[in-house]
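Since the structure is predicted, the reported quantities are computational estimates derived from the model, not experimental observations. Chain naming here is simple, since letters A, B, ... match the order of the sequence lines and numbering starts at 1 in each. Just so it is clear, the values below take in all heavy atoms, side chains as well, and ignore hydrogens, waters and symmetry mates.
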Amino acid sequence: MARSGSISYNPGVIDKTYPPQSVEPRWTEAWKKAGISRAQAVGDPRNRFVIVIPPPNVTGALHIGHALNNTLQDLLIRWHRLHGRETCWVPGTDHGGIATQNVMEKQLKAQGKTRHQIGRAEFLDLMQTWTRDCKKTILGQLERLGCLLDMGREAFTMDEVRARSVHHAFRRFWDEGLIERGERMVNWCVRCGTALSDIEVEYEDRKGKLWHIRYPVAGEPGKFLVVATTRPETLLGDTSVAVNPSDTRYGSLIGKKLLLPLRKGMPNEQIPVVADAHVDASFGTGAVKVTPAHDPNDFDIWQRHKSEMAGPISVIAFDGKMSPSAGEAYAGLSREKARDKIVADLQAQELLEKIDEHPHSVGVCYRCQQPIEPLVSQQWFMRMGPLAAKALEASEKGAFKLHPDNWEAPYRNWLKNIRDWCLSRQIWWGHRIPVWYCVRCHGKNLRASMPAAQEGAGQDASISSWLEQGLSLRDIETRARQIRVELSGSAVRSASVRVQAERPAKPCPDCGASDWLQDPDVLDTWFSSALWPLSVFGWPEKTQDFSFFYPTNVLVTGYEILYLWVARMQMMGLHFDGRAPFSDCVINGIVRDKRGKKMSKSLGNVVDPLLLMDKHGTDAFRFSLVSQAHPGRDIPYSEDSIKGPRNFANKVWNSTRFVLMNLPEKPTVYSLKDLDRSKLELSDRWILSEYESLCRRVEEAMAEQEFAVAADHVYAFLWDKFCDWYVELAKPRLEVMAGKEEDTEDSRAARTVLVGVLGGTLKLLHPVMPFITEELWQSLKPYSGETADLLLRSGAPKPEGFHDPEAEARMVFIMDAVKALRALRSQLNVPPGLKIRAHHAVQNPAEERLLIEHSSYLRRLARVEELCAASGRPAQSATAAVGAVTFYVPLAGVIDLEVERKRLVKEVDRLSEEVRQCEGRLSDPVFTGRAPESEVEKLRLRRREAAAEHAALTDTLTHLEA
RNA sequence: GGGCAGUUAGCUCAGCGGUAGAGCACCUCCCUUACAAGGAGGGGGUCGCAGGUUCGAACCCUGCACUGCCCACCA
């Protein structure tokens with residue numbers, strides 16, 4: 001094969017097997033050089049096709065799920081570019097918030113360090129370096145996959161342009177009153193040390209227990225109220241026990257006080273019994289301990305009964321250990337140890353009535369899988385209702401569609417029940433919240449909390465005291481572990497709090513000081529992701545890119561981030577721009593391992609896509625993914641599934657090799673456009689007809705996002721029709737050309753069809769297998785008459801006027817005859833080299849003519865030496881029947897009559913069953929009366945053919961036995 | 001608790017109202033001048049279970065059973 005990348009080509013030296021390793025890098029290079037992936041923001045915007053990549057987190061190398069996701073996008077991009085559209089696929093990566101920070105923390109831990117030890121500034125430096133390397137790896141992998149990403153438009157969720165988008169959005173939401181700060185119950189990940197939004201909590205069913213604990217009634221010794229709980233460690237923070245108001249068992253206790261166990265001599269020693277309709281009397285004992293600081297439901301109960309009970313008492317701290325409020329006996333213990341101790345202590349006091357097994361779902365962090373602790377804390381929140389309403393409207397009026405559409409209902413349902421979004425994260429890696437506090441006004445409320453376990457001394461240090469010690473703000477920020485900002489109510493909107501990206505230049509309007517400290521929290525990584533389709537084009541700047549490429553067309557992603565990401569992009573896009581950021585979302589499934597398990601590093605079942613590409617070629621790998629990519633369905637992936645596609649690549653390679661070997665050395669154009677249709681024979685007309693319907697079917701499948709179906713159509717056409725039949729029938733027409741320069745009319749027709757159909761099929765296959773198809777299409781160029789420099793610039797195949805049902809029907813007849821004769825040969829063990837004679841007995845003159853006209857086909861495909869009309873049954877012959885045609889094949893000396901007899905008996909049995917079935921249905925007047933005539937006619941034909949075959953074979957069988 | 005998928009050949013999955021299909025695996029034969037990563041032939045399925053609609057059901061409807069996923073304030 002030509003290694004230079006030029007199109008000069010010597011048909012004689014093409015490799016016998018497809019060598020992906022030498023082909024792929026050349027085209028990666030050529031595509032890059034030609035700028036095929038570069039999009040111009042000019043022209044008719046209706047003729048553009050735009051995708052923004054779901055930016056992979058910079059957490060490491062890409063996995064097979066990314067390979068699937070990006071292959072599908074590349075497939076779409078290539079398909080639309082082939083159709084002449086201005087395609088733009090924006091590449092990029094996501095800083096990845098907690099996930100990425102965790103990766104770095106793990107690396108530090110391996111060196112025996114923590115991020116707190118090295119400080120915020122140094123930590124962020126490390127993150128930047130890591131990110132740079134990671135981006136390079138990721139983009140390199142995508143290029144290796146063949147992805148036509150517009151690299152000039154690469155974006156990162158935390159680069160300068162995207163930061164401007166984030167700040168602008170935050171400010172707009174703030175001005176619109178959608179963003180607020182407040183103290184609420186949030187999901188706290190103790191391990192990651194941060195709050196999470198509701199949808200970042202995953203629920204796992206875990207084995208648990210239900211502890212039944214006796215709460216003594218105050219002043220009535222010996223009397224208890226028994227509550228059932230799954231979390232005894234929160235008992236010390238109970239501020240009431242709730243029962244259902246209509247629960248007759250407890251009516252008399254409502255309003256009375258209980259003695260909170262293990263709380264003797266401490267604040268909140270006595271707690272009231274309150275009545276709340278939300279309590280399910282049938283669960284447990286019907287009495288619920290209420291811990292407003294550590295359970296969202298209990299928090300709500302407190303909200304409803306503020307006058308009757310004490311507020312939240314936080315007994316579990318942000319580090320997951322019991323706080324001083326839990327009392328000396330428990331403070332400092334981990335949640336787990338505290339539980340054990342509390343249960344033991346209750347037991348010792350005979351306050352534990354019983355323990356039941358109780359499986360229940362536990363919320364865990366989606367990044368580290370550790371149980372979530374519901375805690376009350378000050379966080380930034382965003383009101384989502386107004387945005388969700390717009391997204392819902394867009395969905396309902398069809399401005400935004402999900403594929404497959406069974407995701408529509410859950411999507412809308414989620415929007416309808418949207419909750420406020422907790423935006424702030426107590427980590428370092430992310431967009432710093434663009435809010436500044438005047439230190440003089442708020443210093444006492446800006447506290448650097450030192451988790452006891454890390455620092456030894458568990459005292460909080462206020463920023464103002466550090467300032468008094470002469471520490472600079474920068475030092476303070478570096479030194480602080482977690483600065484907690486405790487502001488409430490109107491203070492948040494006072495002049496001493498500025499919402500802006502840069503440090504305020506002017507002094508505080510309230511006090512005149514100029515010491516501003518930025519909010520230490522960062523934004524949820526999904527906040528910048530939500531702006532992605534806007535920010536990649538420079539929004540809010542009115543860039544040329546934005547006006548031309550926004551809104552985009554399709555988003556391809558997995559259902560696991562439908563709410564986390566897709567819905568939020570819709571909401572943001574609709575809110576800021578009024579248009580849906582993309583009109584369609586194609587949902588790909590999750591790639592699992594062969595047993596259907598999710599791939600994960602800890603399970604050790606991850607498959608490295610690069611390894612597969614190295615081993616079997618990128619095209620085969622892509623095909624194996626696409627062929628299993630039915631919308632929304634998960635893919636159990638095993639390396640075995642790449643073998644078929646690998647073989648297919650080789651088949652494609654060799655079919656082109658065959659065609660090239662049979663073309664003249666001198667470049668000569670064989671174009672379907674110049675085809676003289678009067679010179680076509682049956683096989684030509686048949687394959688052209690099939691080719692036209694292939695193109696149509698692939699177009700349809702692509703329009704329906706049925707990529708696997710499209711790939712399957714090309715596969716089946718190329719292999720089962722083009723190679724198995726058409727090429728075989730073209731061989732004799734080309735063999736006669738050996739050594740001759742000038743074409744005959746017939747060889748010209750054959751070569752034209754071969755070059756035209758193969759060339760077009762390569763184009764259809766290109767989006768799935770870009771490398772091999774480019775290589776082969778280029779090698780055909782001296783003959784195809786194509787002038788474009790690259791396949792993608794050559795236009796989609798549009799065969800017209802080849803549809804020919806008659807040719808298809810005739811060809812099917814010939815193929816059936818060939819198959820019958822082949823089966824006969826094989827089953828009678830006729831040596832493959834042995835040519836046979838076939839005598840045919842035909843009732844229908846048209847069929848006879850067809851056979852005679854195409855006897856060369858039978859000769860070639862069934863290795864029939866001579867085909868002649870039968871005059872009776874030759875002795876020592878085998879019989880094959882195809883509809884109304886019977887073949888007798890004399891096989892004196894070769895045939896084993898016993899084998900033939902058995903073969904015929906089997907066939908006859910099959911046919912009589914067939915005839916019986918047909919007749920059964922045809923004799924049913926209800927069927928013939930009600931079924932459509934076409935169906936009845938089909939069945940009659942079936943019966944006729946089966947009966948004819950049956951008669952022919954039975955006849956032979958009787959003679960054989962006689 | 002609510003919802004959505006899936007259940008078809010040994011394996012992975014198409015088909016979704018008119019004779020049960022593909023790939024891989026298996027058996028037989030063949031290195032026939034494109035391809036042994038190939039060719040020809042073959043075996044293998046009461047289409048999860050039970051009802052119903054229909055002339056006709058793998059396909060539509062209703063239950064049920066498993067499996068997976070999503071949602072939900074099940075102490």
Is the shortest side-chain N/O distance from [X] to OP1 or OP2 of [N] below 4.0 Å?
X: A:Asn647; N: B:rG38; value: yes
X: A:Lys16; N: B:rA37; value: no
X: A:Arg412; N: B:rC71; value: no
X: A:Gln917; N: B:rU19; value: no

Which is true for [X] with a 4.0 Å heavy-atom rule: it touches a base, it touches only sugar-phosphate, or it touches nothing?
X: A:Tyr637; result: nothing
X: A:Arg921; result: base
X: A:Asn406; result: sugar-phosphate
X: A:Pro636; result: sugar-phosphate
X: A:Val227; result: nothing
X: A:Ser655; result: base
X: A:Ser627; result: nothing
X: A:Gln827; result: sugar-phosphate
X: A:Pro645; result: nothing
X: A:Arg822; result: sugar-phosphate
X: A:Trp719; result: sugar-phosphate
X: A:Ala287; result: base
X: A:Lys651; result: base
X: A:Cys918; result: nothing

Using the [atom1] atom as the reference point in each nucleotide, state the distance between [N] and [M] in Å, no decimals.
N: B:rA9; M: B:rG21; atom1: P; answer: 14 Å
N: B:rC61; M: B:rA37; atom1: C1'; answer: 47 Å
N: B:rA40; M: B:rU33; atom1: P; answer: 15 Å
N: B:rG15; M: B:rC59; atom1: P; answer: 14 Å
N: B:rU7; M: B:rC47; atom1: P; answer: 14 Å
N: B:rU8; M: B:rU46; atom1: P; answer: 12 Å
N: B:rA57; M: B:rG17; atom1: C1'; answer: 7 Å
N: B:rA25; M: B:rG38; atom1: P; answer: 9 Å

So A:Tyr726 and A:Phe722, would you call those rings parallel, tilted or perpendicular, with 30° and 60° as cut-offs? parallel

Parallel, tilted or perpendicular: which one describes the rings of A:Phe621 and A:Tyr637, with boundaries at 30° and 60°? perpendicular

I need the [atom1]-[atom2] distance between [X] and [N], as an integer number of Å.
X: A:Asp634; N: B:rC69; atom1: CG; atom2: C1'; value: 8 Å
X: A:Asp896; N: B:rC29; atom1: CG; atom2: C1'; value: 16 Å
X: A:His360; N: B:rA75; atom1: NE2; atom2: C1'; value: 9 Å
X: A:Lys416; N: B:rA72; atom1: NZ; atom2: C1'; value: 16 Å
X: A:Glu907; N: B:rG41; atom1: CD; atom2: P; value: 14 Å
X: A:Phe927; N: B:rA57; atom1: CZ; atom2: C1'; value: 14 Å
X: A:Glu560; N: B:rC71; atom1: CD; atom2: C1'; value: 16 Å
X: A:Leu402; N: B:rG3; atom1: CG; atom2: P; value: 21 Å

Closest to side chain of [X], choosing from [options]:
X: A:Glu914; options: B:rA34, B:rU19, B:rC24; result: B:rU19
X: A:Val288; options: B:rG41, B:rA34, B:rA75; result: B:rA75
X: A:Arg646; options: B:rC35, B:rA37, B:rA14; result: B:rA37
X: A:Asp280; options: B:rA5, B:rG18, B:rA75; result: B:rA75
X: A:Arg657; options: B:rA75, B:rG41, B:rC35; result: B:rC35
X: A:Val727; options: B:rG6, B:rG18, B:rA34; result: B:rA34
X: A:Arg942; options: B:rU19, B:rC13, B:rC70; result: B:rU19
X: A:Arg592; options: B:rC70, B:rC69, B:rA37; result: B:rC69
X: A:Lys906; options: B:rG41, B:rC71, B:rG43; result: B:rG43
X: A:Thr17; options: B:rA34, B:rA5, B:rA37; result: B:rA37

Earlier contact from the 5' end, RNA chain B, for A:Val830 and A:His630: A:His630

Position toward the 5' end of RNA chain B (nearest nucleotide), A:Pro932 or A:Thr285: A:Pro932

Paired with [N]: which nucleotide, if any, by Watson-Crick or G-U wobble criteria at under 3.5 Å for both distances?
N: B:rA5; answer: B:rU67
N: B:rG21; answer: B:rC13
N: B:rA50; answer: B:rU62
N: B:rC26; answer: B:rG42

Short N-O contact, A:Glu865 and A:Arg859, less than 4.0 angstrom: no

Charged N to carboxylate O under 4.0 angstrom, A:Glu900 versus A:Arg903? yes

Under 3.5 Å: donor-acceptor pair, side chain of [X], backbone of [Y]:
X: A:Arg419; Y: A:Ser197; result: no
X: A:Arg825; Y: A:Ala862; result: yes
X: A:Arg622; Y: A:Val768; result: yes

Test the A:Lys731-A:Phe658 pair against the cation-pi criterion, namely NZ or CZ under 6.0 angstrom from the six-membered ring centroid and within 45° of the ring axis.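 Yes; both conditions hold, so A:Lys731 lies above the ring face of A:Phe658.
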
I'd like to know whether A:Val227 forms a side-chain contact (heavy atoms from CB on, under 4.5 Å) with A:His212, so could you lay out the CA-CA distance, the side-chain angles of the two residues, the decisive distance to 0.1 Å, and finally the verdict. CA-CA 6 Å; A:Val227 302; A:His212 290 65; over 6 Å; no

Determine whether the aromatic ring centres of A:Phe283 and A:His358 lie less than 6.0 Å apart. yes

